[in-house]
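Keep in mind it's a predicted model, so treat the numbers as computed, not measured. We name chains A, B, ... by the order of the sequence lines, and we start the count at 1 in each one.
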Amino acid sequence: MKEQGTFRVKKGMAQMQKGGVIMDVTTPEQARIAEQAGAVAVMALERVPADIRAAGGVARMADPEIILKIMDAVTIPVMAKVRIGHFAEAQILEELGVDYIDESEVLTPADEQFHINKHPFKVPFVCGARDLGEALRRISEGAAMIRTKGEPGTGNVVEAVRHMRRVMEQIRQVVHTPDDELVVLAKEMGVSLELVKEVKREGRLPVVNFAAGGIASPADASLMMQLGSDGIFVGSGIFKSQNPQVMAGAIVKATLHYNDPAVLAEVSKGLGEAMRGLEISSLTQADRMQERGI
Amino acid sequence: MKIGVLSLQGAVSEHLDQLKRCGVEPAAVKRPGDLEGIAGLIIPGGESTTIGSLMEHFGLNEVIRERCRAGMAVFGTCAGMVLLAREILDGVKDQARLGLMDIKVRRNAFGRQKESFEAPVALKGFDSPVEGVFIRAPIITAAGSGVEVLAAREEGIVAARQGRLLTTSFHPELTGDLRLHLYFIRMCEAK
């Protein structure tokens, strides 16, 4: 008597990641540095988002060989990305045994109309969202974890802040909406009334909600946690910084003691240069990853 | 009575909520000073490597060991089981831990996340099985003579007690069942 891949087990996996930092890595060496620094999981990639941006072209799922080498190198969970709507890539990652799949706007979308139906998979999925409607639509499709989209690979936290504030503001709005008006909100967001009622009852998203997309310093991590994130994804911010090992450890400690300025001041000292970063207004419309898959 | 939840990373709020439902005062423990006046401590599920290294860095390891010697009870779930173990299999090199319980624990004993599962667990002394939620769960492969086995599956031991130390491979904090938390509270109350 053993039931695998239940929603409770998939959602529970994300709950076990709360308060932690998930780091993008491209090699087994980087994965070991992340594990040693206290990462709760690593995201196995061929390129970090900043390099995907720079490379251009079509960005796809990473080579399984890279993912398997990273899985071999660490004892913590390993996540990997698939293109939005590309359920065949997801089937491959599930077969490989990755612990979590990120259906990610960082890669080039494979389907402009449909996200992956995530319910039949035993492996859990995380998806990006810019507002409550996007988050709840992804949860309806079976996502067991949500993260802000932010603007990946920029090292600029402004979009992640916008998305987290927006989700929180809309949750407060739902909580204060009378029951008989919820049906209109549900319709506007394109989700079931049941799900909106659950948000009202719990006063939060029904699954864990992390911050992602542009976090590049301990202070950024603290900011996102103070805005209500359950944890932090750092993409390019660690291995594009001058001293990845120190930066990784500092972001882990800042995520834990996010509301203690003394600890934040201490861990922010002498980190070397953070990643270079991009001003959002310098991006053309086509360069904005967050508008993919809404 | 005040019961603490080690609040470094993982399923912290779930345990705090569960304690509230049991009618005791929950306390988040982030620093050594937070252990003041606490009768018992829950070590939640999460990543054992992360929690272990943060415990060490922020000086909690030694204080928790001392408080245990003075009679504080501890309940470790999942990652908490790994952190309580005297010996860890499939861990990282020199993995930081409390090492309080005379058990040998294998990490991720059931495989990767897609192998995570739910199954009822029959616990010694309980009228009916509890819901077992096993997430990349560890297992006890060997236990010393002072350890009482509370539940086992064919793969190994999934719940055990040694004096004032209690541990489960699974996550009672992810279910509506309060019985294991109430059991731990009774352990904390006992002189």
| query | Under the salt bridge (Lys or Arg N to Asp or Glu O under 4.0 Å) rule, what pairs show up with a residue in residues 116-128 of chain A, not counting sequence neighbours? | reply | Glu103(A)-Lys118(A), Lys118(A)-Glu141(A)

| message | Can you tell me which portion of Leu54(B) sits under 4.5 Å from chain A's heavy atoms? Options are side chain, backbone, both or neither. | response | side chain

| request: Apply side chain to side chain contact (heavy atoms under 4.5 Å, CB included) to the pair His57(B) and Leu256(A), showing each step before the final yes or no. | output: CA-CA 12 Å; His57(B) 184 85; Leu256(A) 166 60; over 6 Å; no

| note | dist Met16(A):CE -> Glu47(B):CD (nearest 0.5 Å) comes out at 10.0 Å

| field | Residue pair Val98(A), Lys114(B): steps toward the side chain to side chain contact (heavy atoms under 4.5 Å, CB included) verdict | value | CA-CA 8 Å; Val98(A) 305; Lys114(B) 65 176 177 181; over 6 Å; no

| Can you name the closest pair of heavy atoms from Gly38(A) and Ser53(B) and give their distance? | CA-OG, 4.4 Å

| remark: Ranked by heavy-atom pairs below 4.5 Å to chain B, first place among Thr255(A), Val208(A), Val263(A), Asp260(A) goes to Asp260(A)

| message | Between Val78(A) and Arg112(B), is the side chain to side chain contact (heavy atoms under 4.5 Å, CB included) condition met? List the steps. | response | CA-CA 9 Å; Val78(A) 175; Arg112(B) 304 199 69 97; 3.8 Å; yes

| remark: Counting heavy-atom pairs under 4.5 angstrom with chain B, the leader among Ala41(A), Gly5(A), Pro124(A) is Pro124(A)

| said: So for atom CD, which belongs to Glu62(B), do other residues, nucleotides or ligands contribute more than 12 heavy atoms lying within a distance under 6.0 Å? | reply: yes

| note | What one should report as the nearest heavy-atom pair of Thr75(A) and Asp90(B) is CG2-O, 3.8 Å

| note | From the list Ser48(B), Ser116(B), Ala119(B), Ala79(B), the residue making the most non-hydrogen contacts under 4.5 Å with chain A is Ser116(B)

| remark: Of the listed Gly20(A), Pro77(A), Gly12(A), Ala37(A), the one with the largest count of heavy-atom pairs under 4.5 Å with chain B is Pro77(A)

| query | Taking the side chain from Lys30(B) and the backbone from His257(A), do they hold a donor-acceptor pair closer than 3.5 Å? | reply | no

| query | Does Glu154(B) come within less than 4.0 Å of Lys2(A), counting only side-chain N to carboxylate O? | reply | no

| Ala39(A) versus chain B, the contacting section by heavy-atom distance below 4.5 Å | backbone

| field | For the student: nearest non-hydrogen atoms of Arg136(B) and Ile76(A), plus distance | value | NH2-C, 3.6 Å

| With a cut-off of 6.0 Å (strictly less than), are more than 12 heavy atoms of other residues, nucleotides or ligands near CD of Glu36(B)? | no

| request: Below 4.5 Å from any heavy atom of chain A, which atoms of Leu174(B) appear? Answer side chain, backbone, both or neither. | output: both

| Would one find more than 12 heavy atoms of other residues, nucleotides or ligands at under 6.0 Å from atom CD of Glu29(A)? | yes

| request: Kindly check if the number of other-residue, nucleotide or ligand heavy atoms within 6.0 Å of CD (Gln4(A)) is above 12? | output: yes

| note | Comparing Glu35(A), Met71(A), Arg32(A), Lys10(A) against chain B, the one with the most heavy-atom pairs below 4.5 Å turns out to be Met71(A)

| message | Looking at every non-hydrogen atom in both residues, tell me the closest pair between Val9(A) and Glu118(B) and how far apart they are. | response | CG2-CG, 3.7 Å

| query | Got a donor-acceptor contact below 3.5 angstrom from the Gln9(B) side chain to the Lys18(A) backbone? | reply | yes

| said: Between Glu173(B), Lys93(B), Arg107(B), who has the most heavy-atom pairs with chain A when the cutoff is under 4.5 Å? | reply: Arg107(B)

| query | Do other residues, nucleotides or ligands put more than 12 heavy atoms under 6.0 Å from Phe121(A) CZ? | reply | yes

| said: Using the side-chain contact (heavy atoms from CB on, under 4.5 Å) criterion, which residues pair with Glu131(B)? Sequence neighbours excluded. | reply: Arg8(A), Thr175(B)

